[in-house]
S.K.: 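One structure is given below, represented as structure tokens, and several questions about it will come after.
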Amino acid sequence: MNKNQIVSTEPHYGKTKKKNGKPVKIGTRLINKDGEFNVVLTPAGKGAKFASELKNNKRYYNKGTKVKAEGLTDTQRAYRAGYLDARKDNAKVYNAKKNKK
């Protein structure tokens, strides 16, 4: 998608909801002249997508639809698990610095 073709952007929400009942924003939809859209995920959205892929052993597009592949390879599983572990480690460091539990 060329940057000049983007007509509008809108928030892309996941299936989970916040404590106040509002849906969680997991990315931004980039809509082009033809009406087609691509989704750019936030770090939280990417983490949620990777967790879902590991749980279901299926690969998904950022739009939420399944890829027609047979499942995740060992390399793909390792990358997703490493990404989630790094996010968890960073959260622990942040909480330790802020004296949170």
Side-chain angles (χ1 to χ4, degrees):
M1 178 178 280
N2 190 345
K3 190 174 182 180
N4 296 333
Q5 293 178 336
I6 297 172
V7 176
S8 66
T9 62
E10 59 186 41
H12 183 71
Y13 297 101
K15 295 178 181 177
T16 59
K17 297 189 185 284
K18 295 180 184 178
K19 290 180 182 177
N20 61 6
K22 293 183 180 179
V24 176
K25 179 183 174 189
I26 61 167
T28 303
R29 287 184 185 194
L30 305 174
I31 304 168
N32 68 11
K33 292 178 187 176
D34 301 331
E36 296 175 0
F37 68 92
N38 286 343
V39 177
V40 180
L41 296 176
T42 63
K46 187 174 178 182
K49 176 184 170 223
F50 283 176
S52 175
E53 288 177 340
L54 285 172
K55 180 179 177 184
N56 300 323
N57 195 28
K58 293 184 179 163
R59 200 166 151 228
Y60 298 102
Y61 290 111
N62 287 352
K63 299 174 186 178
T65 57
K66 281 189 268 184
V67 175
K68 294 181 182 176
E70 286 299 316
L72 296 174
T73 64
D74 290 341
T75 306
Q76 290 171 329
R77 291 185 68 78
Y79 177 81
R80 285 155 177 75
Y83 182 86
L84 294 174
D85 283 343
R87 282 183 51 92
K88 189 186 311 180
D89 291 344
N90 285 333
K92 287 179 182 178
V93 170
Y94 175 82
N95 289 336
K97 285 183 177 179
K98 298 290 183 177
N99 292 327
K100 294 183 177 183
K101 289 185 179 184

S.K.: What distance separates Arg80 CZ from Thr75 OG1, expressed to the nearest 0.5 Å?
M.R.: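 Here the rounded value is 10.5 Å.
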
S.K.: Looking at Lys58, is its backbone amide N or carbonyl O close enough to the side chain of Asn56 to form a donor-acceptor pair, meaning the two atoms are under 3.5 Å apart?
M.R.: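 Not a single qualifying donor-acceptor pair exists.
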
S.K.: What distance do Glu53 atom CD and Lys49 atom NZ have between them, rounded to the nearest 0.5 Å?
M.R.: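 It is 4.5 Å, given to the nearest 0.5 Å.
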
S.K.: Is a side-chain N or O of Asn62 found less than 3.5 angstrom from the main chain of Val39, in a donor-acceptor match?
M.R.: yes

S.K.: Quick one, Thr28 with Thr9, criterion side-chain contact (heavy atoms from CB on, under 4.5 Å). Give me CA distance, side-chain angles, the key distance, then yes/no.
M.R.: CA-CA 7 Å; Thr28 303; Thr9 62; 3.9 Å; yes

S.K.: In the hydrophobic clustering that connects Ile, Leu, Val, Met, Phe, Trp and Tyr at side-chain heavy-atom distances below 4.5 Å, which members other than Leu84 occupy its cluster, ordered by chain and number?
M.R.: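 Taking Ile, Leu, Val, Met, Phe, Trp and Tyr as members, Leu84 shares its hydrophobic cluster with Phe50, Leu54, Leu72, Tyr79, Tyr83.
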
S.K.: Using a 4.5 Å cut-off on heavy atoms from C-beta on, say whether the side chain of Gln5 contacts that of Asp34.
M.R.: no

S.K.: Suppose we screen for side-chain hydrogen bond (donor to acceptor under 3.5 Å, both in side chains). Which residues come up paired with Arg29, at least two apart in sequence or across chains?
M.R.: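 Listed in chain order: His12.
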
S.K.: Where is the tightest heavy-atom contact between Arg77 and Asn57, given as atom of each residue plus distance?
M.R.: NH1-OD1, 3.2 Å

S.K.: Taking atom CZ as the centre, does Arg59 end up with more than 12 heavy-atom neighbours from other residues, nucleotides or ligands that are less than 6.0 angstrom away?
M.R.: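 It does not: Arg59 CZ has 12 such atoms or fewer within range.
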
S.K.: Please report the interatomic distance OH(Tyr60) to OG1(Thr65), rounded to the nearest 0.5 Å.
M.R.: 10.0 Å

S.K.: For the CG atom on Asp74, are there more than 12 heavy atoms of other groups (residues, nucleotides or ligands in this structure) within a distance under 6.0 Å?
M.R.: no

S.K.: With rounding to the nearest 0.5 angstrom, report the CG to CD1 distance, Leu30 to Ile6.
M.R.: 4.5 Å

S.K.: From Ser8 OG over to Asn32 CG, what is the distance, rounded to the nearest 0.5 angstrom?
M.R.: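 The distance works out to 9.5 Å.
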
S.K.: Is the shortest heavy-atom distance from the side chain of Thr73 to the side chain of Gln76 under 4.5 Å?
M.R.: yes

S.K.: Indicate yes or no: at least one non-hydrogen side-chain atom of Val67 is less than 4.5 angstrom from one of Tyr61.
M.R.: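 A side-chain contact exists here, since the closest heavy-atom pair is under 4.5 Å.
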
S.K.: Checking Lys63 against Phe37: charged group under 6.0 Å from the ring centre and within 45 degrees of the axis?
M.R.: yes

